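First the proteins, then the strands, lettered A, B, ... as listed; each starts at 1. Treat the numbers as computed from the prediction; the structure is a model and nothing was measured.
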2 protein chains.
Amino acid sequence: MRAATTEEIKQTARRILVEQGPEAVSLRAIAREMGMTAPALYRYFTSREDLIRNVVGDIFNELSGDIGLAIGRASQSGEDITAKLIAACREFRRWSFSHQGEFGLIFGSPLPGVDDGRGDFADECGRRFAGVFFALFYELWRRSPFPVRAPEEIDPGLRAQLERFRTVIGADLPLGAILAFLRCWTKLYGAVSMEVFGHIGFALDDAAPMFELTLAELAEDVGLVYVPGS
Amino acid sequence: MRAATTEEIKQTARRILVEQGPEAVSLRAIAREMGMTAPALYRYFTSREDLIRNVVGDIFNELSGDIGLAIGRASQSGEDITAKLIAACREFRRWSFSHQGEFGLIFGSPLPGVDDGRGDFADECGRRFAGVFFALFYELWRRSPFPVRAPEEIDPGLRAQLERFRTVIGADLPLGAILAFLRCWTKLYGAVSMEVFGHIGFALDDAAPMFELTLAELAEDVGLVYVPGS
DNA sequence: TGTAATCAGTTTACGTCATTTACTAAAGTT
DNA sequence: AACTTTAGTAAATGACGTAAACTGATTACA
């Protein structure tokens with residue numbers, strides 16, 4: 001009787017998530033699939049919640065990896081930072097679409113209540129994911145800085161928060177650039193989640209062309225130019 | 001023994017949703033709260049899903065009403081369309097924050113699978129909600145049209161979808177304006193859901209000042225001017 | 001007025017869920 | 001050989017959605 005591993009358990013959970021949707025991910029189903037009984041899983045995770053959070057972490061890592069690969073591919077054909085940013089954003093959308101269950105799990109409403117940022121594995125992976133985009137953004141800023149809001153022009157309350165965030169991540173960017181990053185991320189997240197969650201379906205069947213417009217706008221926001229036909 | 005009404009049942013579900021979170025909304029809990037047993041609820045709704053969808057519809061209606069009221073209040077102090085739009089967007093954010101459980105229910109990930117837009121009560125209310133914003137947008141366009149993309153400049157695939165959507169809602173706006181509306185709604189939804197779902201918490205504690213910047217950008221998108229200190 | 005139908009529930013039951021507790025068999029350690 | 005640890009099972013608890021059968025009251029009609 002070979003002992004199971006946390007890795008196998010998480011993979012099984014992932015498979016059930018993908019094949020049968022989020023609500024099918026029960027301890028019983030996972031255990032059944034592995035030829036075990038549900039309580040055995042408590043040897044590896046303290047609760048279902050704990051297991052799920054670890055799966056969330058894995059998903060974040062996979063997403064980070066996929067986007068990293070897309071950036072890598074874009075790098076091969078020249079050192080164009082615009083191409084890399086576009087590739088990263090497009091890959092984010094593509095991944096989200098082909099992994100809707102996972103997307104809902106990591107970017108949907110955090111049901112368990114007010115527990116965001118409690119420093120667990122999933123949060124750490126989430127931050128690493130943010131880091132993928134931030135690294136790209138940082139590279140862009142170094143290579144070709146674009147006009148941003150001056151610190152004095154930023155609302156004092158917001159400025160203080162941005163300063164703290166900048167300290168936490170240890171970046172030497174102007175506050176306006178940090179702000180631009182957060183605003184871009186918000187736009188990207190909004191466009192993708194709106195689409196993946198089906199909330200734009202009342203008007204559009206295929207929002208891909210509109211996403212291209214979002215990309216163009218994001219590019220413009222950071223001083224780049226992107227014309228929606230690649 | 002007074003008979004219960006669907007209205008009472010939905011209200012009870014709402015109360016439990018607000019007081020104890022989304023996962024506490026069980027048929028048993030609702031029935032318990034009403035001094036009944038769970039199977040009795042099947043006299044009024046065909047399933048839990050059916051009940052929830054009806055609650056979702058009510059929530060949409062309430063949100064529509066609240067935003068309508070906010071627009072009404074903004075109308076009292078002059079006929080400024082900018083003030084009304086800002087008030088509507090601000091009320092949307094305020095409501096979403098003070099009704100996080102409800103927000104998650106109507107704007108979160110549609111767990112049951114691929115069933116969006118199947119024409120039930122909830123969908124109808126969702127469209128009515130969209131109509132509140134659209135009416136405002138339409139008023140804006142009539143009063144002071146702003147430059148929009150010409151039809152020939154819109155991706156053909158997107159153009160076709162926009163034409164169909166325009167026919168469905170029976171509006172006589174240029175396609176570019178419809179597109180602008182959808183893009184504004186996407187931005188607004190993105191900013192609010194990002195914040196309410198706690199996904200901006202890794203950087204900011206209070207995203208209110210950043211939302212003001214979003215408002216300024218939205219205003220600019222439709223040819224208006226909004227300066228973030230009211 | 002008597003009887004049948006309908007309404008608004010209850011009771012019971014089934015299978016599922018997460019989780020706890022107590023137990024067991026094997027493997028490793030001293 | 002005696003022990004501890006590991007990795008599981010079995011059984012139980014209390015919650016869940018849902019289906020079926022049943023019950024008592026109210027209403028409709030002859």
Side-chain angles (χ1 to χ4, degrees), chain A residues 1-56 101 104-105 108-113 115 118 120-122, chain B residues 1-56 101 104-105 108-113 115 118 120-122:
Chain A
M1 187 201 292
R2 232 192 78 270
T5 67
T6 61
E7 224 52 46
E8 288 170 331
I9 296 170
K10 288 189 292 181
Q11 280 169 23
T12 306
R14 267 296 288 280
R15 190 153 40 80
I16 295 174
L17 171 65
V18 170
E19 291 170 2
Q20 312 178 51
E23 39 216 59
V25 185
S26 68
L27 294 185
R28 286 171 126 86
I30 296 167
R32 197 182 311 132
E33 205 95 348
M34 302 185 68
M36 306 166 58
T37 60
L41 299 176
Y42 283 80
R43 294 267 164 210
Y44 303 90
F45 300 95
T46 69
S47 67
R48 181 190 124 103
E49 178 68 10
D50 180 30
L51 196 169
I52 297 279
R53 293 292 294 174
N54 276 274
V55 171
V56 165
L105 206 56
S109 45
L111 300 179
D115 51 4
R118 57 204 171 304
D120 67 353
F121 173 66
Chain B
M1 189 201 293
R2 232 193 77 270
T5 67
T6 62
E7 223 52 45
E8 287 170 332
I9 295 170
K10 288 189 292 181
Q11 279 169 25
T12 306
R14 267 296 289 279
R15 190 152 40 80
I16 295 175
L17 171 66
V18 170
E19 291 171 3
Q20 313 179 51
E23 39 217 62
V25 185
S26 67
L27 295 184
R28 287 178 137 90
I30 296 168
R32 198 182 309 133
E33 204 95 348
M34 302 186 69
M36 306 165 60
T37 60
L41 299 176
Y42 282 80
R43 294 266 162 210
Y44 303 90
F45 300 94
T46 69
S47 67
R48 182 190 123 102
E49 178 68 11
D50 179 30
L51 197 168
I52 298 280
R53 292 293 294 174
N54 275 274
V55 171
V56 166
L105 207 57
S109 46
L111 301 180
D115 52 3
R118 56 205 172 305
D120 68 352
F121 174 64

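Taking CZ from B:R32 and CG from B:L27, the interatomic distance works out to 11.0 Å, rounded to the nearest 0.5 Å. Rounded to the nearest 0.5 angstrom, B:Y44 OH and B:M36 CE are separated by 5.5 Å. One distance of note links CG of A:D120 with CZ of A:R53; it measures 4.0 Å at 0.5 Å rounding. The distance from the CG atom of A:L41 to the CZ atom of A:R28 is 11.0 Å, given to the nearest 0.5 Å. Distance CZ/B:F45 to CG/B:D50: 6.5 Å, rounded to 0.5 Å. Summarising the geometry, atom CD belonging to A:E7 is positioned 9.0 Å from atom CG belonging to A:N54; distances are rounded to the nearest 0.5 Å.
Across residues 11-21 of chain A, not one residue has a non-hydrogen atom less than 4.0 Å from an atom of DNA chain C.
Put simply, B:Y44 has a side-chain N or O that comes within less than 4.0 Å of OP1 or OP2 on C:dG9.
Residue A:F45 contributes atom CZ, which lies 12 Å from atom P of D:dG8 at whole-angstrom precision. Regarding A:M34, its CE atom lies at a distance of 12 Å from the C1' atom of D:dG8, rounded to whole Å.
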Which donor-acceptor pairs under 3.5 Å do side chains of residues 11-22 of chain A form with protein atoms, sequence neighbours excluded?
| unit_1 | atom_1 | unit_2 | atom_2 | d |
| --- | --- | --- | --- | --- |
| A:T12 | OG1 | A:E8 | O | 2.8 |
| A:R14 | NE | A:E102 | OE2 | 3.3 |
| A:R14 | NH1 | A:E62 | OE1 | 3.1 |
| A:R14 | NH2 | A:E62 | OE1 | 2.9 |
| A:R14 | NH2 | A:E62 | OE2 | 3.4 |
| A:R14 | NH2 | A:E102 | OE2 | 3.2 |
| A:R15 | NH1 | A:E33 | OE2 | 3.0 |

Every protein N/O lying under 3.5 Å from an N/O of nucleotides 10-17 of chain C:
| unit_1 | atom_1 | unit_2 | atom_2 | d |
| --- | --- | --- | --- | --- |
| C:dT10 | OP2 | B:T37 | N | 2.8 |
| C:dT10 | OP2 | B:T37 | OG1 | 2.4 |
| C:dC17 | OP1 | A:S26 | OG | 2.9 |
| C:dC17 | OP2 | A:R32 | NH2 | 3.3 |

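Here the side chain of A:A3 is nearest to one of D:dA7, D:dT18, C:dG9, namely D:dA7.
Contact annotation: the side chain of A:I30 approaches that of A:L51 to within less than 4.5 Å [non-hydrogen atoms, C-beta and beyond].
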